[in-house]
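Predicted model only: the values in this text are computed from it and were never measured. Just so you know, residue 1 is the first one in the sequence shown, and it goes up from there.
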Amino acid sequence: MTVVADVVRALETAYPPQLAESWDKVGLVCGDPDAEVTKVAFALDCTLEVAQAAVDAGAQLLVVHHPLLLRGVSSVAANTPKGKVVHTLIAGGCALFAAHTNADSARPGVSDKLAELVGITPGRPIKPSFLDGTDHWGVHVPPADADSVKRALFDAGAGAIGNYRECAFSHDGTGEFTPVEGADPTDGEVGAHFTAPEVRIEFVAPTRLRASLTDALRASHPYEEPAFDIVQMAQPAGTRELENAYGLGRVGELPEPMTLREFTQQVADALPETVWGVRAAGDPDLLVRRVAVSSGAGDGFLGDVAKLGVDVYVTSDLRHHPVDEHLRAGGPAVIDTAHWASEFPWTEQAASIVEPLGVQTQVLDIRTDPWTVSAHPGHPGAEK
């Protein structure tokens, strides 16, 4: 018998949760780990339509890319949008699992699928992530809680250097903030600026522990929104094989150069069709060969790809000013796809990971891309 926990184990082996960005919320969202599974459904987003389709299909587990509960909520009542989804799944006996930025960074993962579709062999990531790397942390804590927070972090694996344990450095400072409407501050009052002594605790920890340490920090810290930062320490040159590293985005080369116009059409032909379509910025006759891709919203990597010697960058959700400034600074051409289109093909890959468990799999062919109408001067609106 296969249970939810078996499927979760297979997915987390393929998409290690340690690869998730610190702000992300991945893993089992709802459902009983010990519940039997005979069928698993896959989709990009857990909308109400998708949740109902998973239940109607007889699935006991729905696997998605985008987390349903990425932002904090105070209620999952059935008369709230997210609550209605949760109730639909639970009432239908269907668990929910999300693999987000960990699936983006994994090999193979979302980034590799996009790279292969647009015609390149996925090479190095745009933003490498080494599970055997080391992070440097800084955490701001009220003095009275410093020892208990350090203990929680040390117990979770932080502060080990060689043959030494519980290593940290602390220095005093002043913290300040203004709670606004909706906040529930431990100290201070809503609408009033608050200032108090704080201790900054610095320590190192393995990158693979980032997600669990973040959970330990939030659970032990007295503040509703603890202030902390994480910086991955630089790897010595030549000690890592970038071509096979985990990380966000991929870089590779086309078999033969082609114009930006031709490559844009190739991308459009390869991805699922949307009303949004595919657009490009740059000289249409520019010859391109070296390509960078990043699934989903990727304008945060415009500066990074400009340093990688690529001819064109394929991503989604690009904005006017960042692209304009990027091109005027001499950056590579960019191709903007629909967010959903750049990531939905991953669902087939995720299904292939679960199939060896002997369960049925079904990709729910529901377009959750929100755009429904596209119009151009002189042409009637295209509606799908």
Ignoring hydrogens and angles, tell me if any N or O in the side chain of [X] forms a donor-acceptor pair with the backbone of [Y] under 3.5 Å.
X      : Y      : value
Thr315 : Ser294 : yes
Asn102 : His100 : yes
Glu198 : Gly173 : no
Asp135 : Met233 : no
Gln52  : Thr88  : no
His326 : Pro332 : yes
Ser342 : Gly296 : yes
Gln349 : Gly109 : yes
Arg165 : Gly162 : yes

Nearest non-hydrogen partners of [X] and [Y], listed with the distance:
X      : Y      : value
Ala51  : Val85  : CB-CG1, 4.0 Å
Ile120 : Gly252 : CD1-N, 3.6 Å
Cys46  : Leu68  : O-CD1, 3.7 Å
Ile335 : Ala280 : CG1-CB, 3.9 Å
Ser105 : Leu248 : OG-CD2, 3.2 Å
Leu327 : Gly282 : CD1-N, 4.3 Å

With the side chain counted from C-beta on, respond yes when [X] and [Y] share a heavy-atom pair under 4.5 Å apart, and no when they do not.
X      : Y      : answer
Leu61  : Phe97  : yes
His221 : Val139 : yes
Glu224 : Thr186 : no
Phe263 : Leu254 : yes
Asp104 : Thr101 : yes
Phe42  : Val354 : yes
Leu70  : Trp23  : yes
Asp283 : Leu260 : no

Indicate yes or no: does [X] engage [Y] in a salt bridge with an N to O separation below 4.0 Å.
X      : Y      : answer
Glu202 : Arg200 : yes
Asp147 : Arg151 : no
Arg367 : Asp45  : no
Glu21  : Lys127 : yes
Asp311 : Arg289 : no

Gap separating the [atom1] atom of [X] from the [atom2] atom of [Y], nearest 0.5 angstrom:
X      : Y      : atom1 : atom2 : answer
Glu36  : Asp34  : CD    : CG    : 12.0 Å
Arg250 : Lys113 : CZ    : NZ    : 14.0 Å
Leu209 : Asp215 : CG    : CG    : 11.5 Å
Arg9   : Leu357 : CZ    : CG    : 9.5 Å
Leu308 : Asp304 : CG    : CG    : 7.0 Å
Leu153 : Ser148 : CG    : OG    : 9.5 Å

Given the rule that I, L, V, M, F, W and Y join up when any side-chain heavy atoms are under 4.5 Å apart, are [X] and [Y] in one cluster?
X      : Y      : answer
Val76  : Leu96  : yes
Val7   : Leu364 : no
Leu28  : Tyr15  : yes
Val64  : Leu89  : yes
Val334 : Val293 : no

> Does the pair Phe301 and Tyr313 meet the rule for a side chain to side chain contact (heavy atoms under 4.5 Å, CB included), with working shown?
Replying inline: CA-CA 9 Å; Phe301 289 147; Tyr313 175 41; 3.5 Å; yes
> Do His339 and His65 make the cut of ring centroids closer than 6.0 angstrom?
Replying inline: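 No.
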> Step by step, would you call Thr38 with Gln60 a side-chain hydrogen bond (donor to acceptor under 3.5 Å, both in side chains)?
Replying inline: CA-CA 7 Å; Thr38 60; Gln60 295 84 32; 3.0 Å; yes
Is there a donor-acceptor contact under 3.5 Å linking the side chains of [X] and [Y]?
X      : Y      : result
Asp285 : Thr259 : no
Thr121 : Glu253 : no
Ser75  : Thr80  : no
His66  : Glu343 : yes

> Checking side chain to side chain contact (heavy atoms under 4.5 Å, CB included) for the pair Val63/Leu11: CA distance, chi angles, key distance, verdict?
Replying inline: CA-CA 9 Å; Val63 176; Leu11 289 166; 3.7 Å; yes
>> Using the rule given for side chain to side chain contact (heavy atoms under 4.5 Å, CB included), can you reason through Tyr223 versus Arg218, listing the C-alpha separation, both sets of side-chain angles and the distance that settles it, and then say yes or no?
In response: CA-CA 8 Å; Tyr223 283 175; Arg218 293 189 181 278; over 6 Å; no
>> Quick one, Thr368 with Thr47, criterion side-chain hydrogen bond (donor to acceptor under 3.5 Å, both in side chains). Give me CA distance, side-chain angles, the key distance, then yes/no.
In response: CA-CA 8 Å; Thr368 52; Thr47 63; over 6 Å; no
Should we count [atom1] of [X] as having more than 12 external heavy atoms under 6.0 Å?
X      : atom1 : answer
Tyr246 : OH    : no
His321 : NE2   : no
Glu243 : CD    : yes
Lys84  : NZ    : no

Hey, can you tell me if [X] and [Y] have their rings parallel, tilted or perpendicular (30° and 60° cut-offs)?
X      : Y      : value
His171 : Phe169 : tilted
Phe203 : Trp137 : parallel
Phe194 : Phe177 : tilted

>> Determine whether Lys25 and Arg71 satisfy the following criterion, side chain to side chain contact (heavy atoms under 4.5 Å, CB included), listing intermediate values before the conclusion.
In response: CA-CA 9 Å; Lys25 304 296 180 186; Arg71 309 297 181 194; over 6 Å; no
